[in-house]
There are 2 protein chains.
Amino acid sequence: MPVCIVNPTPHIGDRIVTPLSDANPTPPERAAGRTDEALSADARTRSRPTMRHVATLAGVGVKTVSRVINGEPNVSAATIERVLKAARSLDYEPDLHAGNLRRADGRTRTLGLLVGSVDNPFAGAVHRAVEDAALARGVAVFASSLDDDPEREQAAVSAFLRRRVDGLILTTVSEDQAYLAPELRRGTPVVFVDRQPAGVTSDSVVSDNTAGAAVATRHLIAHGHRRLAYLGDRHDIRTAQERRRGFLDELGRAGIATGDAPVVEGLHDEETARQATLALFEADDPPTAIFSAQNLVTIGVIRALRELGRHLDTALVGFDDVPLGDLLVPGVTVVAQDPHAIGRIAAERVFARLDGDESSARRTIVPTRLIERGSGELPHRASAR
Amino acid sequence: MPVCIVNPTPHIGDRIVTPLSDANPTPPERAAGRTDEALSADARTRSRPTMRHVATLAGVGVKTVSRVINGEPNVSAATIERVLKAARSLDYEPDLHAGNLRRADGRTRTLGLLVGSVDNPFAGAVHRAVEDAALARGVAVFASSLDDDPEREQAAVSAFLRRRVDGLILTTVSEDQAYLAPELRRGTPVVFVDRQPAGVTSDSVVSDNTAGAAVATRHLIAHGHRRLAYLGDRHDIRTAQERRRGFLDELGRAGIATGDAPVVEGLHDEETARQATLALFEADDPPTAIFSAQNLVTIGVIRALRELGRHLDTALVGFDDVPLGDLLVPGVTVVAQDPHAIGRIAAERVFARLDGDESSARRTIVPTRLIERGSGELPHRASAR
DNA sequence: CCTAACGCTGACATCGTTGTCAACGGGGCA
DNA sequence: TGCCCCGTTGACAACGATGTCAGCGTTAGG
């Protein structure tokens, strides 16, 4: 086995390629064998074995093979043995989709999951929960990233539907999901996560955005802050709107003028959030406390505050937890969502629908939890500047 | 739209469920219509429309619909128009798998991806890169978590194969992937990521584990440390073995006795790593520097060092980057992998194979990069204790 | 002893689509 | 005019599996 020693400080992007011994010398080729011997020899090598190959080798009919593979009753023990042996020797794997074409229930045992980005920790947790629920039922999960792009949303849904997924779990960003109406009418379960649907009615599972934002805001106000800034996601995302509303409502409730509270929207990643924060502190009358409405935004804000050296005197509460948030100094106070619960519940809703639950659409609101770690408890003091 | 106010400090796990107006009132039922009117009416409502439904509505044959849907030539403009109109009005989506059954190339435009856990940031980045490459080719990605469970590995591969994925990108953990040999013989592209295959020969894309670990170790030694501990993953994972070897070899090269260097293995999450670290400091002669060989292990070590108040006098270099590692105090020095490159290259290998590349199997080694952030540059001083 | 019932089995149609092939009609050319 | 070619179209088989059904042999019951 060749060992490769790399330059101690290599440039990422370089790579070292090591050729190994020959493999896959057999070019792909579809079988056309018809005689029994041809079938058998052929299945054992190039082409993918079908039930007919197994049946021929076992000396039984295809239907009998089907019965054995699917564990149907009324096959003699000896026959089962022969069929299994043949299947093993050919390394036979049944074609789920071919079977599905004819099968009565028409289920592909497949789910489509659309999340913000499979790279985001929130999405990762949702995905993992969905997968765990799916695995228990032998269901595979297609995962796709949305990137807040409405076209990508529709393209992903279309790709899922062409592959005949049994159900959809969707984070959406388009104005309106009316395009899903025909599919819903056909009975395909669709559960919206993190975002609520518009233009159609279906199950959804979301965090309590308004209340969570209000809790965060109240927390900052309770520590003496009167000049609070909101930094959030695109305004056309309803989830972001709810968080903003929770923030502004709470300001109003505390008698703080909402008109001149700095509200920055349209942030979608660390870098834009960082720059927005820097700009906020360049302007007159910078905030003494910040509510950041999304995990990547929170990280961008933290970076900016560090750069400005204001992280110890500017209070911060973020919506959605941040990895290692407890190990930073100060610790990052957040309104934590429960992405694992969101994913699990969404999957449960899909499976309940598949199992025949025809009750009316349900909105499940998963509570958030304020986690105090320091950044949100920084008191207001006379401006440091 | 009902608004729900949640208890300010709710217990996560509770949830609020709001019933919405009725939806999906149509029970699922397979169509059996035969006459043209029945076909049409039926397709428009309950059942999923097929090409025959579209053909009937457009007044053409199914093959013509097939031609239009697939953009094949030799269909008159007027016919195309009629067919598209009919397809749109029925909200027709072709069945990729049915087509695939008959199609010459036999491609499902689907990929199977097996990673440690879709929840892990390394895996998320790999996944995202694979998805991006796949999206460009209209390929959907099945993602599945391995959890270092050999049975899960085989079950996942089997689930992928039953769904006839065009290619596999696998993180493996079983002793031996000989079970893949028949599939490889059939020409299915398989690319191993992060782990190298055993018992079969196929493409792989891995980080330069040995060199990376050596760089990390050399870095710690250069800062005066002589008592270095290794904390790593399960010993039966080859990737972990390589990192350990890189560590021990480098110790040897520096003339440090490897026999009594603390080497803790079998760690698989933050908690086990944390406890192992605590134990290390309870014993005599604790290390002054730690090399942690995996991202979750690194985090566990950091937590333990914080608890012990030793984070400012114990040097630490981790293998694989840690989210927000630059914002901790001290910053976490790591040997960063390039998971995005790993995923991208793996996907490129799969697609190259699908495009007919039959060159011999290739091992691509993606370099690592030492990122100095503070924790790895803590100097050795006389024991603080 | 006859018949019904049952366990076991395979022939056949079918699922939704595409590959093959032949038919049709019109235009260009000899 | 006759022929061929080509663009357009649809009938039909086939892909790999399952649902249906009928046939076989054996056993239980009358």
Side-chain angles (χ1 to χ4, degrees), chain A residues 30-34 39 42-43 47-83 87 90 92-109 161-164 186, chain B residues 30-34 39 42-43 47-83 87 90 92-109 161-164 186:
Chain A
R30 272 180 99 76
R34 279 294 158 266
L39 270 178
D42 174 78
S47 106
R48 185 181 299 285
T50 72
M51 264 190 188
R52 230 183 49 251
H53 294 114
V54 178
T56 306
L57 183 59
V60 300
V62 282
K63 180 62 207 190
T64 298
V65 176
S66 169
R67 271 187 273 258
V68 173
I69 296 291
N70 292 66
E72 285 171 34
N74 298 334
V75 185
S76 75
T79 306
I80 291 179
E81 186 62 29
R82 279 218 316 287
V83 168
L90 294 178
Y92 171 75
E93 290 275 6
D95 185 326
L96 211 61
H97 294 116
N100 186 60
L101 204 52
R102 188 66 170 88
R103 204 189 314 274
D105 67 6
R107 299 276 167 85
T108 54
R109 299 191 151 283
L161 293 178
R162 279 198 293 268
R163 289 177 176 81
R164 296 295 186 258
R186 283 176 205 125
Chain B
R30 270 179 101 74
R34 280 293 159 268
L39 269 178
D42 174 76
S47 105
R48 186 181 299 284
T50 72
M51 266 190 186
R52 228 181 54 249
H53 294 114
V54 177
T56 305
L57 184 59
V60 299
V62 282
K63 180 61 209 192
T64 298
V65 176
S66 170
R67 271 188 272 257
V68 172
I69 296 291
N70 292 70
E72 286 171 33
N74 297 335
V75 185
S76 75
T79 307
I80 291 179
E81 186 61 30
R82 279 218 315 287
V83 168
L90 293 177
Y92 170 75
E93 289 275 8
D95 184 325
L96 210 62
H97 294 117
N100 186 60
L101 202 53
R102 188 65 170 90
R103 203 188 317 273
D105 67 6
R107 298 276 166 85
T108 54
R109 299 190 150 282
L161 293 178
R162 279 198 294 268
R163 289 177 176 82
R164 297 295 187 258
R186 283 176 205 124

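Just so you know, these numbers use all the heavy atoms, side chains as well, and skip hydrogens, waters and symmetry mates. Below, chains carry the letters A, B, ... as their sequence lines are ordered, and counting in each starts from 1. Quick caveat, the model's predicted, so the values are computed rather than measured.
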Between A/A77 and A/V62, the residue closer to the 5' end of DNA chain C by nearest nucleotide is A/A77
Here the distance between atom C1' of D/dT20 and atom CG of A/N74, to the nearest Å, is 15 Å
Exercise for review: Give the intermediate values and the outcome of side-chain contact (heavy atoms from CB on, under 4.5 Å) for residues A/L96 and A/T108.
Suggested key: CA-CA 7 Å; A/L96 211 61; A/T108 54; 5.9 Å; no
What pairs of donor and acceptor atoms, side-chain ones from residues 65-81 of chain A against any protein atom, are under 3.5 angstrom apart with sequence neighbours left out?
{"unit_1": "A/S76", "atom_1": "OG", "unit_2": "A/T79", "atom_2": "N", "d": "3.2"}
{"unit_1": "A/S76", "atom_1": "OG", "unit_2": "A/T79", "atom_2": "OG1", "d": "2.7"}

When rounded to whole Å, the NZ to P distance for the pair A/K63 and D/dA17 reads 12 Å
Rounded to whole Å, the CZ-P distance (B/R186 to D/dG16) equals 13 Å
Review point. For the side chain of B/R103 and the base of C/dT18, is some donor closer than 3.5 Å to an acceptor across the two?
Key: no
Separation of D/dC15 atom P from B/R164 atom CZ, nearest Å, is 15 Å
Winner on side-chain proximity to B/V60, out of D/dA17, D/dC15, D/dG10, is D/dG10
Separation of C/dT17 atom P from B/D105 atom CG, nearest Å, is 16 Å
Here the distance between atom P of C/dT18 and atom CZ of B/R102, to the nearest Å, is 11 Å
When the rotation axes relating C1' atoms of four end pairs to the next four are compared across the helix from C/dC1-D/dG30 to C/dA30-D/dT1, five pairs an end, they differ to 10° by 50°
Out of C/dG16, C/dG19, C/dT9, minimum distance to the side chain of A/T79 belongs to C/dT9
>> Is there a side-chain contact between B/T50 and B/D95 in this structure, where contact means two heavy atoms from C-beta onward sitting under 4.5 Å apart?
In response: no
Look at all strands and tell whether A/P94 reaches a base, only sugar-phosphate, or nothing, counting heavy atoms closer than 4.0 Å.
sugar-phosphate
note: A/N100, atom CG; D/dT18, atom P; distance rounded to Å ~ 10 Å
| said: Is it the case that the side chain of A/R82 and the backbone of A/A58 share a donor-acceptor pair, with hydrogens and angles ignored and the cut-off at 3.5 Å? | reply: yes
- [ ] Establish, with yes or no, whether the OP1 or OP2 oxygen of C/dG7 is under 4.0 angstrom from a side-chain nitrogen or oxygen of A/S76.
- [x] no
Output for pair (A/H97 NE2, A/R109 CZ), nearest 0.5 Å, gives 12.0 Å
In whole angstroms, the gap separating C1' of D/dG16 from NE2 of A/H53 amounts to 11 Å
Looking only at C/dC15, D/dA17, C/dT17, the nucleotide nearest the A/T50 side chain is D/dA17
Heavy-atom nearest nucleotide on DNA chain D taken for B/A98 and for B/V75; more 5' hit belongs to B/V75
*asked:* Could you check whether the side chain of B/R67 and the base of D/dG10 have a donor-acceptor pair of N or O atoms closer than 3.5 Å, going by distance alone?
replied: yes
In this structure, CE of B/M51 is separated from OG1 of B/T64 (nearest 0.5 Å) by 10.5 Å
Report task. Look at B/S66 and C/dT18 and indicate whether a side-chain polar atom (N or O) is within less than 4.0 Å of OP1 or OP2. Result -> yes
Note to self: Given 3.5 Å as the limit, does a donor-acceptor pair link the side chain of B/R102 with the main chain of B/G99, or not?
What the structure shows: no
Polar side-chain atom of A/R164 near backbone of B/A98 as donor-acceptor pair, under 3.5 Å: no
